[in-house]
Amino acid sequence: MALKATVFKVELDIADMDRQYYQNHALTLAQHPSETDERMMVRVIAFALHADEALGFTRGLCADDEPELWKKDLTGEIDTWIDVGLPEPRRLRKAGHRARRVYLYAFGGRAVDVWWARHRTELAGIDNLVVRVLDPEATTALAATVERGMRISCTLEDGQLWFSDASGTVAVGITTLHGAG
């Protein structure tokens, strides 16, 4: 018998002073049986950074031809493609042809450095790609706060990102490796 996804409900209050975006989002996240809590929280970070009424989660790990999140325009064209992790460059190249802008949120500490050293030259040719690395201590700290029902406040100001819940606040460091965003 196949394992089923675990469903998480997240009430995410976003105060993005950089974009003048203030909104509450009720998110339902399906965590694939092979997905870690850290990876799921990286998806929440990516959502917060790009929050928009048209931004939505996809089938993610269950679909090779879809990102974790995407925003489509009214014609159905993909405006923004957002992936997380350390994918093969072939996947990002393909995404670059399908979407106007592609974002990758890499996480995992030293593994990111090894991945970037191996693929940086190949990824440099994807003009519409932005690669950002999330601070491993922050993603680990956020993973430790995971519950089936979460209420999280997210604040973005002057490029700084903070996540807060009843247990405290985590500052999330972000470094851009490629692209302007």
Side-chain angles (χ1 to χ4, degrees), residues 2-12 14 25-52 55-71 78 80-92 94-95 99 101-119 123 129-154 156 161-165 167-179 181:
L3 296 174
K4 294 184 179 181
T6 304
V7 176
F8 291 82
K9 299 285 187 174
V10 180
E11 188 173 324
L12 182 62
I14 299 173
H25 293 271
L27 306 176
T28 300
L29 297 171
Q31 184 184 39
H32 190 274
S34 68
E35 183 177 34
T36 64
D37 289 344
E38 182 178 24
R39 187 177 190 285
M40 183 180 70
M41 291 307 292
V42 169
R43 291 193 292 140
V44 174
I45 292 169
F47 182 92
L49 290 169
H50 298 272
D52 184 281
L55 183 66
F57 291 96
T58 68
R59 294 179 292 157
L61 288 173
C62 297
D64 290 338
D65 61 339
E66 293 181 3
E68 294 300 325
L69 298 123
W70 60 16
K71 182 172 93 173
I78 303 169
T80 307
W81 174 292
I82 302 170
D83 256 330
V84 302
L86 304 172
E88 288 298 316
R90 173 180 70 251
R91 177 176 171 81
L92 296 172
K94 186 175 178 181
R101 176 71 75 185
V102 178
Y103 290 89
L104 173 65
Y105 289 92
F107 68 98
R110 176 83 177 111
V112 175
D113 297 335
V114 172
W115 176 87
W116 181 245
R118 183 175 176 198
H119 300 298
L123 295 175
L129 172 66
V130 176
V131 178
R132 293 178 175 159
V133 179
L134 301 175
D135 172 40
E137 287 146 14
T139 58
T140 300
L142 287 174
T145 67
V146 169
E147 297 177 4
R148 292 287 296 271
M150 296 180 272
R151 181 173 171 82
I152 303 170
S153 295
C154 174
L156 292 103
L161 174 64
W162 297 274
F163 275 80
S164 303
D165 67 4
S167 66
T169 301
V170 175
V172 180
I174 302 171
T175 304
T176 300
L177 295 179
H178 176 75

A.B. asks: Under 3.5 Å, is there a donor-acceptor pair between the Thr6 and Gln31 side chains?
C.D. replies: no

A.B. asks: Measuring from Leu123:CG to Trp115:CH2, what's the distance to the nearest 0.5 Å?
C.D. replies: 5.0 Å

A.B. asks: Mind listing the closest non-hydrogen atom pair of Val172 and Ala138 along with its distance?
C.D. replies: CA-CB, 3.8 Å

A.B. asks: Which label fits Phe47 and His25: parallel for a plane angle under 30°, tilted from 30 to 60°, or perpendicular past 60°?
C.D. replies: perpendicular

A.B. asks: Could I get the full list of salt bridge (Lys or Arg N to Asp or Glu O under 4.0 Å) partners for Asp52, not counting sequence neighbours?
C.D. replies: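 Partners of Asp52 by the salt bridge (Lys or Arg N to Asp or Glu O under 4.0 Å) criterion, ordered by chain and then number, come out as Lys71.
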
A.B. asks: Just to verify, what does Glu88 make a salt bridge (Lys or Arg N to Asp or Glu O under 4.0 Å) with, not counting sequence neighbours?
C.D. replies: none

A.B. asks: Measuring from atom OH of Tyr103 to atom OG1 of Thr80, what distance do you get when rounded to the nearest 0.5 angstrom?
C.D. replies: 6.5 Å

A.B. asks: Looking only at heavy atoms, what is the nearest atom pair of Met40 and Leu29, with distance?
C.D. replies: CG-CD1, 4.0 Å

A.B. asks: For Met150 and Val10, run side-chain contact (heavy atoms from CB on, under 4.5 Å): C-alpha distance rounded to whole Å, both residues' side-chain angles, the deciding distance at 0.1 Å, then the answer.
C.D. replies: CA-CA 5 Å; Met150 296 180 272; Val10 180; 3.6 Å; yes

A.B. asks: Per the side-chain contact (heavy atoms from CB on, under 4.5 Å) rule, which among Leu12, Thr169, Thr145 passes with Phe163?
C.D. replies: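 The residue from Leu12, Thr169, Thr145 that satisfies side-chain contact (heavy atoms from CB on, under 4.5 Å) with Phe163 turns out to be Leu12.
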
A.B. asks: I need the minimum non-hydrogen distance between His178 and Trp116, along with the two atoms involved.
C.D. replies: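 His178 and Trp116 have their closest heavy atoms at CB-CH2, 3.6 Å.
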
A.B. asks: Could you go through the side-chain contact (heavy atoms from CB on, under 4.5 Å) check for Asp83 and Val102 one step at a time?
C.D. replies: CA-CA 8 Å; Asp83 256 330; Val102 178; over 6 Å; no

A.B. asks: Contact between Thr139 and Glu38 at the side-chain level, heavy atoms closer than 4.5 Å - yes or no?
C.D. replies: yes

A.B. asks: Do you know which two heavy atoms are closest between Leu104 and Gly85, and how far apart they sit?
C.D. replies: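 In terms of heavy atoms, the two residues are closest at CD1-O, 3.6 Å.
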
A.B. asks: To the nearest 0.5 angstrom, please state how far the OH atom of Tyr105 sits from the CZ atom of Arg43.
C.D. replies: 15.0 Å

A.B. asks: Yes or no on side-chain contact (heavy atoms from CB on, under 4.5 Å) for Arg132 and Ile45, after CA distance, side-chain angles and deciding distance?
C.D. replies: CA-CA 12 Å; Arg132 293 178 175 159; Ile45 292 169; over 6 Å; no

A.B. asks: Heavy atoms only: give me the nearest Glu35-Ala30 pair and the separation to one decimal.
C.D. replies: OE1-O, 4.0 Å

A.B. asks: Find out whether Ile174 and Leu49 are in side-chain contact, i.e. whether some heavy atom of one side chain is under 4.5 Å from a heavy atom of the other.
C.D. replies: yes

